[in-house]
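Just below is one structure, and these are the notes that go with it.
Atoms considered below: every heavy atom in the structure, side chains included; atoms not considered: hydrogens, waters and symmetry mates.
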Amino acid sequence: MKELKNLIAQLDTLKKIGSAGKMVSGLTMDSREVKKNFVFFAIKGTAADGHNFISKAIELGATTIVCEEQPEELVKGISYLIVWNSSEAMGIIADAYYDNPSSKLKLVGVTGTNGKTSVVTLLFDLFRKMKYKV
């Protein structure tokens with residue numbers, strides 16, 4: 001479990017409601033997957049708006065809601081983080097929750113007009129023989 005205040009240190013919020021001192025046991029944008037002490041991300045999609053599922057997420061145990069619009073009714077004991085973009089906020093919080101996994105990656109890019117596939121194939125074989133995970 002991670003402390004919420006550490007997860008949101010890099011997050012630019014419009015408004016914070018509630019305590020940031022609570023512990024977080026997981027993250028989800030699907031209200032059906034919420035468990036106790038989860039952060040629920042209300043994301044507007046093409047078929048459904050996650051803001052419509054905030055109540056269900058709270059019923060299932062979410063203690064923090066990340067949303068773009070402040071709900072009309074605020075539940076006591078629940079923390080709300082109002083942000084410009086819930087999807088972007090999810091990426092920032094997930095990166096912190098999982099200990100910044102992208103910082104441990106080494107990336108190689110190949111660009112150009114001709115020969116990209118050949119170079120990538122050679123690099124793939126070379127890195128595998130050097131025991132790198134590719």
With a sphere of 6.0 Å drawn around NZ of K104, does it hold more than 12 non-hydrogen atoms of other residues, nucleotides or ligands? yes
Hey, quick one: are [X] and [Y] part of the same hydrophobic cluster, counting side-chain heavy atoms closer than 4.5 Å, chains of contacts allowed?
X: M29; Y: I78; result: no
X: F127; Y: L122; result: no
X: F124; Y: V108; result: yes
X: V134; Y: M130; result: yes
X: M90; Y: I93; result: yes

Is it true that a side-chain atom of [X] and a backbone atom of [Y] form a donor plus acceptor pair closer than 3.5 Å?
X: Y97; Y: L4; answer: no
X: K56; Y: V34; answer: no
X: N100; Y: S103; answer: no
X: T64; Y: L81; answer: no
X: K15; Y: I82; answer: no
X: Y132; Y: L126; answer: no
X: K35; Y: G26; answer: no

E59 meets the side-chain hydrogen bond (donor to acceptor under 3.5 Å, both in side chains) criterion, sequence neighbours left out, with none
Sequence-distant partners of E69, side-chain hydrogen bond (donor to acceptor under 3.5 Å, both in side chains), two or more places apart: K44
Does a side-chain heavy-atom distance below 4.5 Å link [X] with [Y]?
X: F38; Y: L60; result: no
X: K2; Y: V39; result: no
X: T13; Y: V83; result: yes
X: I17; Y: Q70; result: yes
X: Q10; Y: I92; result: yes

Considering non-hydrogen atoms only, spot the tightest contact between [X] and [Y] and give its length.
X: S102; Y: D95; answer: OG-OD1, 3.8 Å
X: G18; Y: S79; answer: C-OG, 3.8 Å
X: S86; Y: A42; answer: OG-O, 2.9 Å

Can you tell me how far [atom2] of [Y] sits from [atom1] of [X], rounded to the nearest 0.5 angstrom?
X: S31; Y: F40; atom1: OG; atom2: CZ; value: 5.0 Å
X: F41; Y: H51; atom1: CZ; atom2: NE2; value: 12.5 Å
X: E3; Y: I8; atom1: CD; atom2: CD1; value: 10.0 Å
X: I43; Y: E88; atom1: CD1; atom2: CD; value: 11.5 Å
X: M1; Y: K36; atom1: CE; atom2: NZ; value: 8.0 Å
X: L74; Y: I58; atom1: CG; atom2: CD1; value: 8.5 Å

